[in-house]
Amino acid sequence: MRAWDPAKRPDQTESVRTIDSDHRAPIRRVTRSRGAGRPGDLTAAARDPGRATERSRRGNASFETLRTELTDGVLTATLDAPPINMIGPALVRDLVTLLGGLARTTEVRVVVFDSADPDFFIAHVDLNKVAEYSAEAAKAGGGPQDAFLGMVLRKLSEVPVVTIAKLRGRARGAGSEFVLACDMCFAARENALLGQPECGFGVAPGAGGLQHLTRLLGRGRAMEVILGAQDADADLAERYGWINRALPDAELDEFVAMLARRIASFPSAAIQSTKLAINELTLPPADAVRADGRRFQELVAAPEVQNRSKELFGRGFQTRGPLELDLGARLADLPAAG
């Protein structure tokens, strides 16, 4: 077992694996020579020594909000973004770095995402930093037209390794959308909660939730969970098809570890080709994801949304406390919209 750093490569070449964004081209390999870099380039540590210190403290030189361990082709990526694992610019930056590394490496065959926080897998986006994390999303390779979190999560779905979410605690909003972007999700029956609370704020899910939930749950159930904006426990999420399985907490780690090791032991070409074929049948078109991102960014700036958000911030939103722990139920306590 060792930490995995996508910035480090074992030799002088890197094998870059990509899947066509329209899911029609086969997986291909491109060999590039490693150069010494452009004159004047600075490492991340040189640009921001404080950030480098924080990354070193967390055990990986490339990440601020992730801890990684690689064992026999299975990479465990632990989300660690206090106070409640919100998606902000640092976490998006780390996801972009991680996904870029996964496209290049041949060491990793399966990634298991879990959380260092037992109460929050990913709480939701940081509503104070929508512009900042959107700017980081644009660095994933698509440019300004892809400055949406949903396009980063789409790359998570497309990356040529298998991704598994091991869910304990709350995954709401973009946290649920992160889970939906993974290839599989297994959740602890006693403590996992999923939700799409956006309509309670006055916006619509903007990072893939509309697309994935409608395909997985069907029209009626998608309407229920998105428009109702209530939390779903692991048993309900399993019954609706939101996740693969709800398991007793005591059995979750071993089940996921066994499945990940099993998949990692199979021929990689078969795994990648099968994932590509399934993606072609099930992933939403990129333009639909972009449209959802634009809708979210437009609605989140509306006066009514700003007023409702201000009310929630006054009650403890985005801090560790009763509101965030029970957000699905407490949305009903807001004044009725006009």
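Remember, it's a predicted structure, so these values are computed and weren't measured experimentally.
To the nearest 0.5 Å, the span separating CE on M223 from SG on C199 amounts to 10.0 Å. The distance from the CD atom of Q230 to the CG atom of L327 is 12.0 Å, given to the nearest 0.5 Å. Here the CH2 atom belonging to W242 is positioned 8.0 Å from the CG atom belonging to L236, to the nearest 0.5 angstrom. To the nearest 0.5 Å, atoms CD (E177) and CD1 (I122) are separated by 10.5 Å. Here the CG atom belonging to L323 is positioned 7.5 Å from the CZ atom belonging to F317, to the nearest 0.5 angstrom. From H212, atom NE2 reaches atom SG of C182 across 9.5 Å, with rounding to the nearest 0.5 Å.
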Do T163 and L102 pass the side chain to side chain contact (heavy atoms under 4.5 Å, CB included) test, and can you show the C-alpha distance, the side-chain angles, and the key distance before you say yes or no?
CA-CA 11 Å; T163 55; L102 292 174; 5.5 Å; no
What do the steps show when you test R295 against L210 for side chain to side chain contact (heavy atoms under 4.5 Å, CB included), and what is the final call?
CA-CA 11 Å; R295 183 184 303 110; L210 281 170; 3.7 Å; yes
Quick one, L79 with D114, criterion side chain to side chain contact (heavy atoms under 4.5 Å, CB included). Give me CA distance, side-chain angles, the key distance, then yes/no.
CA-CA 6 Å; L79 300 156; D114 63 9; over 6 Å; no
Derivation of the side chain to side chain contact (heavy atoms under 4.5 Å, CB included) call for I164 and V162
CA-CA 7 Å; I164 301 174; V162 175; 4.3 Å; yes
One pair to check against salt bridge (charged side-chain N to carboxylate O under 4.0 Å, His left out): R308 and E304. What are the steps and the verdict?
CA-CA 6 Å; R308 292 176 75 80; E304 184 173 30; 5.2 Å; no
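R172 contributes no side-chain N or O that, together with a main-chain N or O of G195, makes up a donor-acceptor pair within less than 3.5 Å. Checked by atom type and distance alone, the side chain of D231 never pairs as donor or acceptor with a backbone atom of L193 at under 3.5 Å. Side chain of T105 to main chain of G101: no donor-acceptor pair is present (N/O by atom type, distance under 3.5 Å, no hydrogens or angles). Between the side chain of R215 and the backbone N or O of Q211 there is at least one donor-acceptor pair closer than 3.5 Å. Between the side chain of K129 and the backbone N or O of I87, no donor-acceptor pair lies under 3.5 Å. At least one donor-acceptor pair closer than 3.5 Å links the side chain of Q318 to the backbone N or O of L127. The main-chain N or O of F266 is found under 3.5 Å from a side-chain atom of R109 such that the two form a donor-acceptor pair. Using a distance-only test at 3.5 Å, with no hydrogens or angles considered, a donor-acceptor pair links the side chain of S115 to the main chain of F120. When atom types are taken as modelled, the side chain of Q196 and the backbone of I226 share no donor-acceptor pair closer than 3.5 angstrom. Judged by distance alone, with hydrogens and angles left aside, the side-chain atoms of Q306 form a donor-acceptor pair with the main-chain N or O of V300 at under 3.5 Å.
Residues L247 and V179 are members of separate hydrophobic clusters, defined by side-chain heavy-atom contacts under 4.5 angstrom among Ile, Leu, Val, Met, Phe, Trp and Tyr. Hydrophobic clustering places L95 together with F296 (ILVMFWY residues linked when any side-chain heavy atoms are closer than 4.5 Å, directly or through intermediates). Hydrophobic clustering (side-chain heavy atoms under 4.5 Å, transitive across Ile, Leu, Val, Met, Phe, Trp, Tyr) keeps F178 apart from M151.
A salt bridge between R320 and D117 is present, with a side-chain N of the basic residue lying under 4.0 Å from a carboxylate O of the acidic one. Comment: D249 engages R168 in a salt bridge, judged by a side-chain N to carboxylate O separation of less than 4.0 angstrom. Taking a cutoff of 4.0 Å between a charged side-chain nitrogen and a carboxylate oxygen, R261 and E254 qualify as a salt bridge.
Proximity of F148 to Q297: side-chain heavy atoms (C-beta onward) are separated by under 4.5 Å at one or more points. Considering only heavy atoms from C-beta on, F186 stays 4.5 Å or farther from I243 through its side chain. The side-chain heavy atoms of M184 and L259, taken from C-beta on, include a pair separated by under 4.5 Å. With a 4.5 Å cut-off on side-chain heavy atoms, L194 and L167 count as touching. For the pair D183 and I278, the minimum side-chain heavy-atom distance is 4.5 Å or more. The closest side-chain heavy-atom distance from F121 to N85 is not below 4.5 Å. You'll find the side chain of T78 reaches within 4.5 Å of the side chain of T76, heavy atoms only. The side-chain heavy atoms of T97 and L66, taken from C-beta on, include no pair separated by under 4.5 Å.
Donor-acceptor pairing under 3.5 Å is recorded for the side chains of H124 and E324.
Pairing each heavy atom of V74 with each of A260, the nearest pair is CG2-O, 3.7 Å. The minimum heavy-atom distance between F201 and S309, with the atom names listed, is CD2-OG, 4.0 Å. When all heavy atoms of P205 and D292 are compared, the closest pair comes out as O-CB, 4.1 Å. Scanning all heavy atoms of the two residues, the minimum distance from A229 to L331 falls at O-CD1, 3.9 Å. Minimum interatomic distance between L299 and A204 (heavy atoms only, all atoms of both residues): CD1-N, 3.8 Å. Across all their heavy atoms, L325 and R170 have their closest contact at O-NE, 2.8 Å.
In the displayed structure, D72 atom CG is contacted under 6.0 Å by at most 12 heavy atoms of other residues, nucleotides or ligands. For CZ of R245, the number of neighbouring non-hydrogen atoms (other residues, nucleotides, ligands) closer than 6.0 Å is 12 at most.
A side chain to side chain contact (heavy atoms under 4.5 Å, CB included) with E198 holds for exactly one of L227, V125, V203; it is V203.
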